[in-house]
K.L.:
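Okay, here's the structure, questions in a sec.
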Amino acid sequence: MTFKERVLKVVSQIPRGKTLTYSQVAEIAGSPKAARVVGSILKENFDPKIPCHRVIRSNGTPGEYNRGNKEKIRLLKEEGAL
DNA sequence: GAGCTGACATGTT
DNA sequence: CAACATGCCAGCT
């Protein structure tokens, strides 16, 4: 089980309407300081089972998104997470 | 195993 | 408030 797999699993388990920060995901995955790695992994993953838009920065800003940063914000609004 | 990379975080300037 | 600098660490070559 690599860190990547754990990150994907964690993100896939984020409930609708909720958001986690990259740090939180990294922490749950087992490496609290590997927030960057989390991003690197999410950008490569296009699996619909992984709601990467629910993962945001620690300061509350959305961060980046493979389908467009605007889309990420919109999705969060749709789900009521924002 | 070494080096480079980067969807981050936090502190300075 | 924005730009810059440093630390951090797993993935990839």
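In what follows, every chain begins at residue 1, and chains take the letters A, B, ... in the order their sequences are listed.
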K.L.:
Can you list everything that forms a side-chain hydrogen bond (donor to acceptor under 3.5 Å, both in side chains) with A:Glu5? Sequence neighbours excluded, please.
P.N.:
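Per chain and number, A:Glu5 pairs via side-chain hydrogen bond (donor to acceptor under 3.5 Å, both in side chains) with A:Thr2.
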
K.L.:
First and last nucleotide of DNA chain C touching chain A, 5' to 3', heavy-atom cut-off 4.0 Å?
P.N.:
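The contact span of chain A on DNA chain C goes from C:dG7 to C:dC12.
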
K.L.:
Tell me, which of residues 8-21 of chain A have any heavy atom that sits under 4.0 Å from an atom in DNA chain C?
P.N.:
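None - not one residue of the stretch has a heavy atom sitting under 4.0 Å from the strand.
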
K.L.:
For the atom pair OG (A:Ser23) and CG (A:Asn59), what is the distance rounded to the nearest 0.5 Å?
P.N.:
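Reported value, rounded in 0.5 Å steps: 10.0 Å.
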
K.L.:
Restricting to side chain to side chain contact (heavy atoms under 4.5 Å, CB included), what partner residues turn up for A:Ile28, sequence neighbours left out?
P.N.:
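By the side chain to side chain contact (heavy atoms under 4.5 Å, CB included) rule, A:Ile28 matches A:Val10, A:Leu20.
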
K.L.:
Show the nearest heavy-atom pair for residues A:Ile56 and A:Thr61, with the distance to one decimal.
P.N.:
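That would be CB-O, 3.6 Å.
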
K.L.:
Can you list everything that forms a side chain to side chain contact (heavy atoms under 4.5 Å, CB included) with A:Val55? Sequence neighbours excluded, please.
P.N.:
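With neighbours one apart ignored, the set is A:Val11, A:Ile14, A:Tyr22, A:Val25, A:Leu42.
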
K.L.:
Please enumerate all residues that pass side-chain hydrogen bond (donor to acceptor under 3.5 Å, both in side chains) together with A:Arg54, with sequence neighbours excluded.
P.N.:
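Per chain and number, A:Arg54 pairs via side-chain hydrogen bond (donor to acceptor under 3.5 Å, both in side chains) with A:Glu79.
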
K.L.:
Short of 4.0 Å, heavy atom to strand atom, which residues of residues 34-57 of chain A count as contacting DNA chain C?
P.N.:
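Heavy-atom contacts with DNA chain C come from A:Ala34, A:Arg36, A:Val37, A:Glu44.
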
K.L.:
Looking at DNA chain C, which of residues 60-76 of chain A put a heavy atom within less than 4.0 Å of it?
P.N.:
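Residues of residues 60-76 of chain A under 4.0 Å from DNA chain C: none.
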
K.L.:
Would A:Asn66 and A:Cys52 count as a side-chain contact (heavy atoms from CB on, under 4.5 Å) if you check the C-alpha gap in whole Å, the side-chain angles of each, and the deciding distance to 0.1 Å?
P.N.:
CA-CA 9 Å; A:Asn66 48 24; A:Cys52 17; 4.3 Å; yes

K.L.:
Which residues pass the salt bridge (charged side-chain N to carboxylate O under 4.0 Å, His left out) test with A:Glu71, not counting sequence neighbours?
P.N.:
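Listed in chain order: A:Arg74.
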
K.L.:
Reading DNA chain B in the 5' to 3' direction, which nucleotide is the first one with an atom under 4.0 Å from a heavy atom of chain A, and which is the last?
P.N.:
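In short, chain A contacts DNA chain B from B:dG6 to B:dT10.
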
K.L.:
If you pin A:Lys33 and A:Thr2 to their nearest nucleotides in DNA chain C, which one's is more 5'?
P.N.:
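Here A:Lys33 is the residue nearer the 5' end.
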
K.L.:
Are A:Tyr65 and A:Ile73 close enough, and set up right, to give a side-chain contact (heavy atoms from CB on, under 4.5 Å), and what steps lead you there?
P.N.:
CA-CA 9 Å; A:Tyr65 192 52; A:Ile73 299 172; over 6 Å; no

K.L.:
Between the main-chain N or O of A:Ala34 and the side-chain N or O of A:Ser31, is there a donor-acceptor pair closer than 3.5 Å?
P.N.:
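Between the backbone of A:Ala34 and the side chain of A:Ser31 there is no qualifying donor-acceptor contact (under 3.5 Å).
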
K.L.:
With no hydrogens and no angle check, is any side-chain donor or acceptor of A:Lys72 less than 3.5 Å from a backbone partner on A:Pro62?
P.N.:
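Checking the backbone N and O of A:Pro62 against the side chain of A:Lys72, a donor-acceptor pair under 3.5 Å is found.
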
K.L.:
Rounded at 0.5 Å granularity, tell me how far CZ in A:Arg57 sits from OG1 in A:Thr19.
P.N.:
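Reported value, rounded in 0.5 Å steps: 15.0 Å.
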
K.L.:
Using a heavy-atom cut-off of 4.0 Å across all strands, would you classify A:Phe3 as base, sugar-phosphate, or nothing?
P.N.:
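Sugar-phosphate: the residue A:Phe3, judged by heavy atoms under 4.0 Å, touches backbone atoms but no base.
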
K.L.:
So which residues get pulled into A:Met1's cluster when ILVMFWY side chains under 4.5 Å apart are joined, directly or through others?
P.N.:
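A:Met1 clusters with nothing; isolated.
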
K.L.:
Mind jotting down which residue pairs meet the salt bridge (Lys or Arg N to Asp or Glu O under 4.0 Å) criterion with at least one end in residues 21-42 of chain A? Sequence neighbours excluded, please.
P.N.:
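Salt bridge (Lys or Arg N to Asp or Glu O under 4.0 Å) check on residues 21-42 of chain A returns no pairs.
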
K.L.:
So, A:Asn69 side chain and A:Gly63 main chain: donor-acceptor pair closer than 3.5 Å or not?
P.N.:
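Such a contact is found between A:Asn69 side chain and A:Gly63 backbone.
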
